[in-house]
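Each remark here refers to the structure printed beneath this line.
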Amino acid sequence: MPGPVIDLDDFDAVGVLSEVVVDLRQHVMVNRVEAAAIVSAPDGWHRVVCNVKGGGSTVLVVRFADLSASRLRNVADALDGRGWQLDEDREGATLRQPPGTTATDVAFEILAALGAAGAPRGERAIEARDADGGPVTLST
């Protein structure tokens, strides 16, 4: 089942992403297995992955593999400026959010990361799976 598509130019994008986070959290609590949603990116740009852990924390991840050297520096600097932890291997960045962080706060951070360093706006697909490879039902 294909996941939702968000339009980064639409104000409701934060609402859609908030619902995705809530759906991931629900899946984790009910099924007792971690889950993740991947928000796509245009070719040459960075995807954002939202991981929800069993203990209630949320971990956002951006990998830099698809970026040119100059985009990598720009995206890494932008995320670092927002408090993201750059990976030791410089292959990506991570933001850990503790249990109790609101879904809306997570959604705003995902939106900020998606647009980091001037990444193109427009529509992005979302796919959600759990750690066992099963699909996560998204209500949006």
Side-chain angles (χ1 to χ4, degrees):
M1 153 179 31
V5 173
I6 60 168
D7 184 347
L8 300 182
D9 293 320
D10 185 348
F11 180 75
D12 194 38
V14 73
V16 172
L17 285 171
S18 293
E19 287 297 319
V20 167
V21 173
V22 169
D23 292 340
L24 288 172
R25 289 175 174 172
Q26 178 180 359
H27 186 88
V28 170
M29 287 189 293
V30 168
N31 297 288
R32 299 185 187 271
V33 62
E34 295 178 359
I38 301 170
V39 183
S40 70
D43 288 343
W45 286 95
H46 57 285
R47 299 177 304 164
V48 177
V49 179
C50 176
N51 297 293
V52 175
K53 306 295 184 178
S57 64
T58 304
V59 180
L60 303 180
V61 178
V62 169
R63 302 299 291 163
F64 300 149
D66 295 331
L67 302 178
S68 66
S70 62
R71 281 192 184 153
L72 186 154
R73 281 190 301 278
N74 292 338
V75 171
D77 287 348
L79 295 176
D80 183 51
R82 294 192 59 80
W84 288 56
Q85 182 76 31
L86 297 178
D87 297 346
E88 289 181 17
D89 62 6
R90 300 282 296 169
E91 295 290 322
T94 304
L95 180 67
R96 289 173 175 76
Q97 297 178 311
T101 303
T102 69
T104 302
D105 287 343
V106 175
F108 274 118
E109 194 60 46
I110 293 169
L111 285 173
L114 288 169
R121 309 291 300 166
E123 293 185 348
R124 305 283 185 96
I126 303 172
E127 180 183 354
R129 297 226 168 259
D130 64 27
D132 294 334
V136 174
T137 301
L138 301 176
S139 59
T140 55

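All residue numbers in this chain count up from 1 along the given sequence. All values reported here derive from a predicted model rather than from experimental measurement.
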Hey, are His46 and Asp66 close enough side-chain-wise for a donor-acceptor pair under 3.5 Å?
-> no

Which atoms form the tightest heavy-atom contact between Val28 and Ala35, and what is the distance?
->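 Heavy-atom minimum between the residues: CG2-N, 3.6 Å.
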
Taking all non-hydrogen atoms of both residues, which atom of Trp84 and which atom of Ala113 are closest, and how far apart?
-> CZ2-CB, 3.6 Å

Hey, could you give me the [atom1]/[atom2] distance between [X] and [Y], rounded to the nearest 0.5 Å?
{"X": "Arg124", "Y": "Ser40", "atom1": "CZ", "atom2": "OG", "answer": "6.0 Å"}
{"X": "Asp130", "Y": "Glu34", "atom1": "CG", "atom2": "CD", "answer": "10.0 Å"}
{"X": "Asp12", "Y": "Ser18", "atom1": "CG", "atom2": "OG", "answer": "9.0 Å"}
{"X": "Arg73", "Y": "Arg90", "atom1": "CZ", "atom2": "CZ", "answer": "9.5 Å"}

Answer with yes or no whether the hydrophobic clustering places [X] together with [Y]; edges join I, L, V, M, F, W, Y residues whose side-chain heavy atoms lie under 4.5 Å apart.
{"X": "Leu86", "Y": "Val59", "answer": "no"}
{"X": "Val22", "Y": "Val14", "answer": "no"}
{"X": "Val106", "Y": "Ile38", "answer": "no"}
{"X": "Val16", "Y": "Leu24", "answer": "yes"}
{"X": "Val39", "Y": "Val61", "answer": "no"}

For [X], side chain to side chain donor-acceptor pair (under 3.5 Å) partners two or more places apart:
{"X": "Arg129", "value": "Glu127"}
{"X": "Ser57", "value": "none"}
{"X": "Arg63", "value": "Asp87"}

Apply the side-chain contact (heavy atoms from CB on, under 4.5 Å) test between Ile126 and each candidate in Ile110, Val5, Leu17; give the one that qualifies.
-> Leu17

Hey, mind stepping through Val62 and Phe64 against side-chain contact (heavy atoms from CB on, under 4.5 Å) and telling me if it holds?
-> CA-CA 7 Å; Val62 169; Phe64 300 149; 3.8 Å; yes

Check: [Y] and [X] side chains under 4.5 Å, non-hydrogen atoms:
{"X": "Thr94", "Y": "Leu60", "result": "no"}
{"X": "Leu138", "Y": "Glu19", "result": "no"}
{"X": "Cys50", "Y": "Val20", "result": "no"}
{"X": "Arg25", "Y": "Thr58", "result": "yes"}

How would you list, by chain and number, every residue that makes a side chain to side chain contact (heavy atoms under 4.5 Å, CB included) with Ala78, sequence neighbours excluded?
-> Ala116

Non-neighbouring partners of Asp7 that pass side chain to side chain contact (heavy atoms under 4.5 Å, CB included), sequence neighbours left out =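 Partners of Asp7 under the side chain to side chain contact (heavy atoms under 4.5 Å, CB included) test: Asp9, Asp10, Glu123.
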
Any donor-acceptor pair under 3.5 Å from Asn31 side chain to Val33 backbone |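 Pair absent, no side-chain N/O of Asn31 close to backbone of Val33.
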
Before giving the answer on side-chain contact (heavy atoms from CB on, under 4.5 Å), spell out for Leu8 and Leu114 the whole-Å C-alpha distance, their side-chain angles and the decisive distance to 0.1 Å.
-> CA-CA 9 Å; Leu8 300 182; Leu114 288 169; 3.9 Å; yes

For residues 95-104, dump all side-chain donor-acceptor pairs below 3.5 Å to protein atoms at least two apart in sequence or in another chain.
from	atom 1	to	atom 2	distance (Å)
Thr101	OG1	Pro98	O	2.7
Thr102	OG1	Asp105	N	3.0
Thr102	OG1	Asp105	OD2	3.1

Please test Leu67 against Val75 for side-chain contact (heavy atoms from CB on, under 4.5 Å), starting from the C-alpha separation and ending with a verdict.
-> CA-CA 9 Å; Leu67 302 178; Val75 171; 4.0 Å; yes

Would you find more than 12 non-hydrogen atoms of other residues, nucleotides or ligands less than 6.0 Å from Gln26 atom CD?
-> no

side-chain contact (heavy atoms from CB on, under 4.5 Å) assessment of Asp23 paired with Thr137 = CA-CA 7 Å; Asp23 292 340; Thr137 301; over 6 Å; no

